[in-house]
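Next up is a structure, given as structure tokens.
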Amino acid sequence: MMRQGIDGIFNDYPILPGFSSGGRLERVLRSGRFAVTSELNPPDSADPEDTFNRALVLSSVCDAINATDASGANCHMSSIGICALLTRAGYSPVLQISCRDRNRIAIQGDVLGAAAMGVHNILCLTGDGVQTGDQPGAKPVFDLDSVSLLQIIRSMRDEGKFNSGRKITSPPNIFLGAAANPFAPPYDWRPLRLAKKIDAGAQFVQTQYCYDIPMLERYMTVVRDLGLDKKCFIIVGVGPMASARTASWIRNNVPGVHIPDQVIDRLKGAENQKAEGKQICIELIQQIRQIPGIHGVHVMAYRQEEYVTEIIADSGVLKNRIIDQLAAARFNALETQTTRYKSA
Amino acid sequence: MYSLRKWSTRHARAMDLTYRVTANLFHVFDPLWKRMIASRLEKPFTACESWAKGVLFDCQMCGQCVLSVTGMTCPTNCPKSLRNGPCGGVRANGHCEVKPELRCVWVEAWSGARSMKKTALFQIPLPAREYDLEGRSAWLGLAAANIAGRDADNTNDVPS
């Protein structure tokens, strides 16, 4: 088996009894630590360095990096391509699979391919409609939905079978995730949707952007009453808004994002809107940390990846946990390189 | 058509009662179904089913009807073809992410399921839709499955 370089240092652990994968995210969550994940904005480029550079700034504070699958139906480097690069470099990615662009035949093949490359985490998504993206004339596939996708991958892992029943000789060891949106109607059904996803195989969920703590608290109360926080790790999505204008745009154009007026007003009133956006994000993380039943945060900093490290450091959620010393060292080395390059 | 579909969801409970009564009487007609399946009658029967369910539910003839668990709202009308409840993109006013003028099929379905008092069924994860059944009769499909199931039971009962 080919193994070289630093591959295996961060990413591969023996699978413990009762664990599904040999990945870091599952270990961190199951050990009761507060997990931090983030997403990598995929480049519009065929240069692997573009992916590596973005991963490097995130990896010093993240337990796993989500490789998004054409989010918002905009075309970028594929999630499977990003995962191929990240696993090769020893990072721990979360492969996002959306049902919008591929059918069950393609997806099941990708799951095996991803597992073979060392991907330990998969996030099952339905996907945004094609109308939100840059190519609204595309044919929407939606052969599966997030729930049936979870069921299929779970049976690939646990029963060693494709959806057809055909046998898989070496099943994929995958820690299975799904998305949750506590901030969209029908509000009373949202906790039950989480229950349905758990029944279908979800072991962790990452939520949509949270800007409304009272709403999240109401959701979590029902989730705890149903005992769902004991069956599934809940990672809440957060992110800094660059300005009041961006926030309004996102609220109106990105499906399922709920931003209360007071957040936008606070941004509007700030002298430095970017810094205020960061501050709001830090405060949200600290408030989320206090809610029982929440196991981590997922920082989505669209085009602001360089802030993720600061946001996590300032929020204090990692306490003294050092996530990735080697990555931090590499990051510093790269900074020096870039500076040298710029000054040359 | 749309108003009739909404009427069906509003009266999901009565629809459900009708469904359950019919479902219980369904096996009485097994000999009839047996003769109909794979015969010349299958086509006209499917056309009748398509018309009736089309009027009441805007049925799209997916061939694997789940109306009884989805609050008498046909999920095949969901622009994202979801089978397991609303996506995260539902607008604050309860309308569809893809077609803003359309009320979310699943928001309707959930209110139907609640009025049917069948929320437990709504919670069962449904498997992926089989697209090769599209256009086929769901009722005859169900009858065939029932007959096959009963035949299997009868064979098992025979002492060896």
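Values reported hereafter were calculated over all heavy atoms of this structure, with side chains retained and with hydrogens, waters and symmetry mates removed. Numbers restart at 1 for each chain; the letters A, B, ... are given by sequence-line order, proteins then strands.
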Distance, nearest 0.5 Å, that separates OG of A/Ser148 from CG of B/Asn84: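 The distance works out to 6.0 Å.
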Selection from B/Pro79, B/Gly94, B/Cys104, B/Cys87 maximising heavy-atom pairs under 4.5 Å formed with chain A: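 Among B/Pro79, B/Gly94, B/Cys104, B/Cys87, the one with the most close pairs to chain A is B/Cys87.
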Steps toward side-chain contact (heavy atoms from CB on, under 4.5 Å) verdict (B/Arg129, A/Phe142): CA-CA 10 Å; B/Arg129 189 180 142 189; A/Phe142 295 116; over 6 Å; no
Proximal component of B/Arg114, with respect to chain A [non-hydrogen, under 4.5 Å]: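 Contact with chain A is through the side chain of B/Arg114 alone.
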Ring geometry between A/Trp189 and B/Phe122 (parallel below 30°, tilted from 30 to 60°, perpendicular above 60°):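 Because their plane-to-plane angle is over 60°, the rings of B/Phe122 and A/Trp189 count as perpendicular.
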For chain B, the option from A/Pro185, A/Gly127, A/Gly129 that forms the most heavy-atom pairs under 4.5 Å: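 Winner by heavy-atom pair count: A/Pro185.
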Close side-chain approach of B/Leu126 to A/Val147, heavy-atom, < 4.5 Å: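 No, side chains not in contact.
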Salt bridge (Lys or Arg N to Asp or Glu O under 4.0 Å) involving B/Lys80 - partner list, sequence neighbours excluded: B/Glu97
Non-hydrogen atoms of A/Lys196 and B/Gln123 that approach each other most closely: CG-O, 3.4 Å
Spacing of B/Thr119 atom OG1 and A/Leu192 atom CG [to the nearest 0.5 Å]: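 Rounded to the nearest 0.5 Å, the OG1-CG separation comes to 7.5 Å.
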Top contributor to chain A interface from B/Leu82, B/Asn93, B/Val107 [non-hydrogen pairs under 4.5 Å]: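 Sorted descending by pairs with chain A, the first entry is B/Leu82.
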B/Arg91 atom CZ, over 12 foreign heavy atoms within 6.0 Å: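 More than 12 within 6.0 Å, yes.
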A/Ile105, CD1 atom: more than 12 neighbouring heavy atoms under 6.0 Å: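 12 or below, so no.
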Which portion of A/Gln208 sits near chain B, non-hydrogen atoms under 4.5 angstrom: neither
Atom pair OG (B/Ser111) and CG (A/Asp188), whose distance is rounded to the nearest 0.5 Å: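 One finds 10.0 Å between OG of B/Ser111 and CG of A/Asp188.
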Over 12 foreign heavy atoms within 6.0 Å of CZ, A/Phe162: yes
Pairwise distance CZ(A/Arg100) to OG(B/Ser81) - rounded to 0.5 angstrom: 13.0 Å
Selection from A/Leu150, A/Asn181, A/Asp145 maximising heavy-atom pairs under 4.5 Å formed with chain B: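 If we count pairs closer than 4.5 Å to chain B, A/Asp145 comes out on top.
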Leading residue by heavy atom contact count with chain A [cutoff under 4.5 Å; candidates B/Pro127, B/Gly89, B/Gly88]: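 Heavy-atom pairs under 4.5 Å are most numerous for B/Gly88.
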Rounded distance (nearest 0.5 Å) linking atom CZ of A/Arg104 with atom OH of B/Tyr131: 7.0 Å
Within-4.5 Å side-chain heavy-atom neighbours: A/Arg190 and B/Pro86: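 Yes. Closest side-chain heavy atoms under 4.5 Å.
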Interface residue of largest heavy-atom contact number with chain B, from A/Asp199, A/Asn163, A/Asp143, A/Leu144, under 4.5 Å: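 Looking at each of A/Asp199, A/Asn163, A/Asp143, A/Leu144 in turn, A/Asp143 comes out on top.
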